[in-house]
Amino acid sequence: MTDGPIAPLDAGDDPQALLDGLAAAAVRALPPAVVDQVLAVDRSRSLGDRLAGRPGAVRSVRLTGASETLTLRLDGRRLVTEAAQVSGGVTIARRQPPLGAWLGLFAGEVAAVAADAAGDTAAVAASLGRLGIRTVEAFRVADADVPRGLAALAAAAATRLPADAATTVGRVVELLTDALARVAGDLASDAEVVVTRTATVYLPDTLRAYAALPGDWAATHRLSDGSTPLDALRRQLDALEAAARGMRDAAVERDAAAVVVNGRFLADRFRAADPGLELR
C-alpha cells in the first residue's frame, strides 16, 4: 500500500467529497489487474481543471461486481444510487437502495472482486481496509475491553455465520480469552501483544472479510483453486484455532516465547495476503 490510511467513508459526508473519496478508494482497494475491467469513473473537467492538469470532479462511479452492477452518481447536490442485476448484458432488475445500504453493497462487491482475482478470500481484509467503508461493525473488538468484545463477536458469529464456522469462532474466542487472562501483566509484554492482536485484528478481520461478501456468491462461487469463499473461511478459522490453542497452551506453561511464535505464524499468514499492508 503506497498511500497513507484514508478516513472511513460515511453516508453523512459532503456528497462531492464522498464521491471523490469513493472513486480514489476503490482504485486503491481493487486489484490493479482488474481495475479497468470493473470500475468506471466519470468526471467533469472544467477549463480550469484542464489548464491546471487536474482530473476534475467525479460525477459517477460504476462497479461491475460479482452479483450486481452498482452505480453512484451526483445529481446536483444529491447522490443517486442504483443496484442492477445484469445477465448477458441485459439489466433484469434495478433498485435504488439507501446510500448507507448501497455503500455496504459496494464494499461487498469490491471484496468479491478482490477474492476472485486473488483466488483466496485472504486478500479481502486488505481491500476493505483500503476502501475505507465501515463494514460489519459486529465483528470489531476494541483494545479497551478485549474479553467483552470477544464475547460479543462470538454472539454475532452465531447469527451471521454458518453453524460450523460459528462453532469454530466460539472455540477460538474461548482460547484467546483464556490465553489473554494468563499473559496479562505476567509474561513478557510481547506475549500479551500477540494475543491481543489476534483478538482485535486477525480474528475480526477474517470474519468481516467473509461477512462483507455477497451471501450467495460466498457460499457457491468457485475460486481459482476450486474452493468456495466459505471453504476459505473454514481454512482461515482452522489456522486461527490452531494458533490460539498454541498460545493458550504456551500461556498455561508460562512459555512467553512460544506464545510469540504462534503470533508470528499468524502475522506471516496475514501479511502474505498483502505484503505492503499494515493491519493496524
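Heavy-atom basis, side chains included; hydrogens, waters and symmetry copies ignored.
- No salt bridge links D42 with R73; every basic N to acidic carboxylate O contact stays at or beyond 4.0 Å.
- A23 meets the side chain to side chain contact (heavy atoms under 4.5 Å, CB included) test with V41, V58, V61; sequence neighbours excluded.
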Please assess L213 against E109 for the test side-chain contact (heavy atoms from CB on, under 4.5 Å), listing each intermediate value before the final yes or no. CA-CA 7 Å; L213 296 168; E109 294 296 346; over 6 Å; no
Derivation and outcome, side-chain contact (heavy atoms from CB on, under 4.5 Å), residues V34 and D116: CA-CA 10 Å; V34 302; D116 208 22; over 6 Å; no
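- The side-chain contact (heavy atoms from CB on, under 4.5 Å) test with R235 is passed by exactly one of L233, D238, D231: D231.
- Residue pairs meeting the salt bridge (Lys or Arg N to Asp or Glu O under 4.0 Å) criterion with at least one partner in residues 87-108, sequence neighbours excluded, are E68-R95, E82-R94.
- L207 and L240 fall within a single hydrophobic cluster, where Ile, Leu, Val, Met, Phe, Trp and Tyr are joined by side-chain heavy atoms under 4.5 Å apart, directly or via other members.
- Between R182 and D249 there is no salt bridge, since none of the side-chain N atoms of the basic residue sits less than 4.0 Å from a carboxylate O of the acidic one.
- R62 meets the salt bridge (Lys or Arg N to Asp or Glu O under 4.0 Å) test with no other residue; sequence neighbours excluded.
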Assess whether side-chain contact (heavy atoms from CB on, under 4.5 Å) is satisfied between Q236 and Y210, documenting all intermediate values. CA-CA 10 Å; Q236 290 162 3; Y210 178 80; over 6 Å; no
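- Comment: R78 engages D75 in a salt bridge, judged by a side-chain N to carboxylate O separation of less than 4.0 angstrom.
- Counting heavy atoms from C-beta outward, M247 and V183 have side chains that stay 4.5 Å or more apart.
- Transitive grouping of hydrophobic side chains (ILVMFWY, heavy atoms separated by less than 4.5 Å) keeps F106 and V86 in distinct clusters.
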